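Not measured: the values here are computed from a predicted model.
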Amino acid sequence: MSERETGEAERSERKLGAAERVAEVGRGITLTYERQGAGVPVLLIAGLGQQKHEWHDGLVAQLVVRGHEVVRFDNRDVGTSTHAGFRPPGGLALARKRWDPRQYDLGDMAADTAGLLDVLGWRSAHLVGMSMGGMIAQTVAARYPARVSSLTSIFSTTGAARVGRPALSTWARMFRKPARTRDQHVEDAVNMYRHIGSAGYPIDEARIRATAGLTWDRDPHPAAGVGRQLAGVLKSGDRTREVRTITAPTLVLHGDRDRMVNPTGGTVTAAAIPGARLHTLPGMGHDLPVALWPAFADLIDSHIRTAESRSSDAPNL
């Protein structure tokens with residue numbers, strides 16, 4: 001990225017803070033979103049328990065200055081989007097795959113996403129999803145192929161058995177008692193990212209604390225939503241057969257030091273999707289380190305531009 005482009009990204013980051021909007025996406029679900037920039041439509045889908053600001057302003061700015069209109073949003077059950085009204089399953093119930101009859105799955109969250117595209121007025125968009133967001137994006141691409149111009153799946157997986165699984169030490173941290181206060185939530189986030197974050201890059205503790213604090217402020221006691229989202233992932237099971245039907249141009253990004261979604265998850269995702277390209281980032285864990293933001297933006301932008309070029313060259317039948 002040139003010095004001029006870097007300066008433009010920094011200025012765009014300072015200008016971010018677009019007003020939040022609420023989209024009614026069907027089935028009684030509303031999603032809170034915000035949009036920035038102008039140009040090629042890009043929809044960012046966050047991961048398990050993550051709110052829209054986990055797509056950090058600086059990274060969004062990098063995409064905006066490259067000529068994209070970027071939308072980020074809260075999935076159902078986090079932030080200020082619709083929360084389900086039933087209790088989440090506990091650890092034993094998750095292990096036994098027993099949950100409330102009202103429990104949703106990734107297909108429902110994909111339908112939410114397609115409904116958001118309708119509200120945005122986008123016939124199609126380039127989907128970029130991380131972790132669970134990658135699973136949602138994969139499901140949208142499989143079930144609503146006309147709506148997906150390209151797919152970028154970041155440290156995600158297909159749900160296949162024995163691959164892409166968290167380390168045992170990560171599972172243990174995931175099922176600790178949830179925080180009861182804002183301060184405890186912030187400390188828990190710092191400790192988790194020390195464990196699953198990118199060991200090859202410096203930890204940005206101040207950013208983690210600020211992000212976790214904002215998460216709590218927008219949605220105090222978020223553990224229930226996280227539990228229901230996790231149940232939704234597990235309920236969806238092995239999606240490999242469906243993932244194999246994806247026709248959208250696909251880029252798979254994964255770090256080689258990921259303790260949340262083992263790098264095998266990226267390998268099987270790229271292997272399942274015809275023509276998908278796998279790019280492994282050395283030293284990256286299960287986060288988006290600041291030092292890699294320009295690289296992320298370049299990889300995503302290049303993938304999108306290639307997909308746009310191929311689409312425009314395709315014959316009209």
Side-chain angles (χ1 to χ4, degrees), residues 23 25-27 29 31 33 41-50 52 55 71-78 81-82 84 97 99 102-120 122-161 163-165 225-226 228-254 260-261 265-276 278 303 307:
V25 298
R27 295 152 293 116
I29 302 296
L31 302 180
Y33 72 97
V42 177
L43 185 65
L44 305 179
I45 311 176
L48 178 69
Q50 293 183 325
K52 58 185 175 62
W55 293 104
V71 170
R72 53 184 174 176
F73 67 100
D74 292 334
N75 285 307
R76 65 162 75 186
D77 252 336
V78 298
S81 290
T82 297
K97 297 186 177 180
W99 29 67
R102 295 167 288 180
Q103 177 61 53
Y104 53 84
D105 61 13
L106 291 171
D108 296 307
M109 300 182 83
D112 296 345
T113 305
L116 178 58
L117 292 176
D118 292 338
V119 173
L120 294 170
W122 289 351
R123 294 180 59 187
S124 65
H126 297 272
L127 303 191
V128 182
M130 59 176 167
S131 198
M132 182 190 74
M135 302 176 199
I136 296 169
Q138 294 166 17
T139 307
V140 176
R143 299 189 183 186
Y144 309 91
R147 311 302 302 271
V148 181
S149 302
S150 77
L151 167 65
T152 301
S153 180
I154 305 176
F155 44 65
S156 191
T157 187
T158 63
V163 295
R165 299 298 185 182
V226 175
R228 289 187 291 264
Q229 287 189 345
L230 179 58
V233 171
L234 297 177
K235 183 179 180 181
S236 301
D238 185 349
R239 297 171 291 101
T240 304
R241 181 177 296 180
E242 182 173 68
V243 170
R244 285 181 179 143
T245 69
I246 293 173
T247 57
T250 300
L251 171 65
V252 178
L253 301 178
H254 218 113
M260 178 62 79
V261 177
T267 302
V268 298
T269 300
I273 302 173
L278 172 63
H303 177 59

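Listed by first then second residue, pairs satisfying salt bridge (Lys or Arg N to Asp or Glu O under 4.0 Å) with a partner in residues 124-142 number zero, not counting sequence neighbours. Pairs passing the salt bridge (Lys or Arg N to Asp or Glu O under 4.0 Å) check and including a residue from residues 105-115, sequence neighbours excluded, read Arg27-Asp112, Arg76-Asp112.
In plain terms, the two heavy atoms of Ala84 and Asp77 that are nearest each other are N-OD1, 3.0 Å. Of all heavy-atom pairs spanning Leu151 and Ala137, the tightest one is CD1-CB, 3.4 Å. The minimum heavy-atom distance between Leu278 and Ala270, with the atom names listed, is CB-CB, 3.8 Å. Nearest heavy atom pair, residue Val243 against residue Ala272, reads CG1-CB, 3.9 Å.
Qualifying side-chain hydrogen bond (donor to acceptor under 3.5 Å, both in side chains) partners for Thr158, counting only residues two or more places apart in sequence or in other chains: Thr240. Under the side chain to side chain contact (heavy atoms under 4.5 Å, CB included) criterion, Ser124 pairs with Ser149, sequence neighbours left out. In this view, Arg165 satisfies the salt bridge (charged side-chain N to carboxylate O under 4.0 Å, His left out) rule with no residue, not counting sequence neighbours. When the side-chain hydrogen bond (donor to acceptor under 3.5 Å, both in side chains) test is applied to Thr139, no partner is found at least two apart in sequence or on another chain. Under the side chain to side chain contact (heavy atoms under 4.5 Å, CB included) criterion, Ser131 pairs with Phe155, Val261, His286, sequence neighbours left out. Partners of Asp74 under the side-chain hydrogen bond (donor to acceptor under 3.5 Å, both in side chains) rule, at least two apart in sequence or in another chain, are Arg218. In terms of the side chain to side chain contact (heavy atoms under 4.5 Å, CB included) criterion, residue partners of Ala23 (sequence neighbours excluded) are, by chain and number, Val25, Tyr33, Leu116, Val119. Shown here are the side chain to side chain contact (heavy atoms under 4.5 Å, CB included) partners of Arg147, two or more places apart in sequence or in another chain: Leu117, Asp118, Tyr144. For Thr269, the side-chain hydrogen bond (donor to acceptor under 3.5 Å, both in side chains) test picks out no residue, with sequence neighbours left out.
Atom CD of Gln138 and atom OG1 of Thr250 lie 8.5 Å apart (nearest 0.5 Å). Atoms CZ and CD1, on Arg143 and Ile246 in that order, are 11.0 Å from each other to the nearest 0.5 Å. Note that CG of Leu234 and CD of Gln103 are 9.0 Å apart. Values are rounded to the nearest 0.5 Å. Distance check, rounded to the nearest 0.5 Å: CZ of Phe73 to CH2 of Trp55 gives 10.5 Å. The distance from atom OG1 of Thr82 to atom CG of Leu31, rounded to the nearest 0.5 Å, is 7.0 Å.
Listed for the Gln229 side chain is a donor-acceptor partner under 3.5 Å among the backbone atoms of Gly49. Between the side chain of His254 and the main chain of Ser153, no donor-acceptor pair closer than 3.5 Å is present. Put simply, the side chain of Asn75 never gets that close to the backbone of Ile45: no donor and acceptor are under 3.5 Å apart. Checking side-chain atoms of Thr245 against main-chain N and O of Arg241 turns up no donor-acceptor pair under 3.5 Å. Proximity of a side-chain donor or acceptor of His303 to a complementary backbone N or O of Pro249 within less than 3.5 Å is detected.
Side-chain contact between Met135 and Ser236 is absent, with no heavy-atom pair separated by less than 4.5 Å. Within the 4.5 Å cutoff, side-chain heavy atoms of Met132 are placed close to those of Leu106. Side-chain contact between Lys97 and Lys235 is absent, with no heavy-atom pair separated by less than 4.5 Å. Contact annotation: the side chain of Val78 never approaches that of Gln50 to less than 4.5 Å [non-hydrogen atoms, C-beta and beyond]. When side chains are defined from C-beta on, Val42 counts as touching Val128, because their heavy atoms get closer than 4.5 Å.
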Fill in: Full working for side-chain contact (heavy atoms from CB on, under 4.5 Å) between Thr152 and His126
CA-CA 8 Å; Thr152 301; His126 297 272; over 6 Å; no
